[in-house]
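Just follow the structure's listing: the first ligand is 1, and inside any ligand the first atom is 1. In what follows, residues are counted from 1 in the order of the sequence shown.
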Amino acid sequence: MSGQPKIVVAASLPELVEVAAAHVRRVAADAIAARGRFRIALAGGSTPRALYPALVTGVDWTRANIFFGDERAVPKNDPMSNYRMARETLLDPAHVPPANVIRWRTEDPDLDAAARDYEEALRAGAAAPWLDLALLGLGPDGHTASLFPGTSALAEEDRLAVAVDVAQMGTRRLTLTYPALCGAREVCFLVTGRDKAAALATVVEAGHLPAARIIRRTGGPVTVFCDRDAASGLKGRTPS
Ligand code: 6PG
């Protein structure tokens with residue numbers, strides 16, 4: 001059985017940022033009210049760059065544990081680093097206490113060991129569900145986090161974090177797995193641009209490609225925040 005995500009289509013990027021940010025603030029406030037902490041996995045890539053500045057205010061980041069859904073195998077100050085993107089757009093401007101930020105140790109020559117350590121950090125002092133909110137993006141090939149088509153990470157059913165060879169990109173990545181992401185209390189996708197329309201339609205309606213298992217999960221709410229271009233391939237569904 002598969003679930004159906006809520007699709008929120010915004011007429012413009014500023015509107016998309018506003019509705020997505022309001023949603024994240026609400027999830028954060030509810031988590032802190034219920035459990036005293038807000039455990040979030042941030043999305044990487046370029047799309048969240050517009051959202052994160054809107055989250056500098058309105059969230060009590062002193063009560064948060066901030067993880068990353070995935071990371072590129074580059075140094076933390078590299079322009080390709082998801083950590084660097086988040087640091088510049090959210091963590092530094094919001095003065096997030098460094099102890100609240102759990103970065104993948106990409107400088108470790110043994111990325112498998114770095115992934116095991118990351119899993120330990122995610123499990124430390126917590127129990128499933130490990131995350132209150134997983135923020136995710138979507139690639140044109142239907143990947144999310146670093147769960148790419150044809151990679152070994154897709155078959156992982158026990159580990160919460162792994163290092164994975166992504167042959168199609170000729171690189172290794174670090175990523176949270178389906179057990180970690182599908183198990184989050186809440187999942188939000190942020191998807192913009194016409195180049196994502198086919199993948200979004202395939203993931204939501206046909207139910208295949210790596211992101212489908214998360215977008216169509218039944219274990220809790222999934223909201224897809226997208227623009228009209230990204231939603232242009234969705235049929236038979238009235239964007240709310
Ligand atoms: C990454 C991401 C990845 C991203 C998609 C979409 O590290 O690249 O975590 O899953 O969300 O590739 O990327 P864009 O937002 O740049 O289109």
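Each of D30, D60, N65, L133 was compared with F38 under the side chain to side chain contact (heavy atoms under 4.5 Å, CB included) criterion, and only L133 meets it.
Contact check for W61 versus I40: side-chain heavy atoms found under the 4.5 Å cut-off.
Closest approach of H143 and L147 over heavy atoms only: CB-O, 3.2 Å.
With sequence neighbours excluded, the residues that form a ring-ring contact (aromatic ring centres under 6.0 Å, His included) with W104 are Y118.
E15 places no side-chain N or O within donor-acceptor distance of the main-chain N or O of V17, the cut-off being under 3.5 Å.
With 3.5 Å as the limit, one finds a donor-acceptor pair spanning the side chains of S232 and R194.
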Check ligand 1 for close polar pairs with the protein: N or O on both sides, less than 3.5 Å.
from     : atom 1 : to   : atom 2 : distance (Å)
ligand 1 : 7 (O)  : D70  : OD2    : 3.0
ligand 1 : 7 (O)  : R72  : NE     : 2.9
ligand 1 : 7 (O)  : R72  : NH2    : 3.4
ligand 1 : 7 (O)  : N82  : ND2    : 2.9
ligand 1 : 7 (O)  : R173 : NH1    : 3.4
ligand 1 : 8 (O)  : R72  : NH2    : 2.7
ligand 1 : 9 (O)  : D70  : OD1    : 2.5
ligand 1 : 9 (O)  : D70  : OD2    : 3.0
ligand 1 : 10 (O) : H143 : NE2    : 3.4
ligand 1 : 10 (O) : A145 : N      : 3.2
ligand 1 : 10 (O) : A145 : O      : 2.6
ligand 1 : 12 (O) : H143 : NE2    : 2.7
ligand 1 : 15 (O) : S46  : N      : 3.3
ligand 1 : 15 (O) : T47  : N      : 2.9
ligand 1 : 15 (O) : T47  : OG1    : 2.5
ligand 1 : 16 (O) : S46  : N      : 2.8
ligand 1 : 16 (O) : S46  : OG     : 2.6
ligand 1 : 17 (O) : K196 : NZ     : 2.6

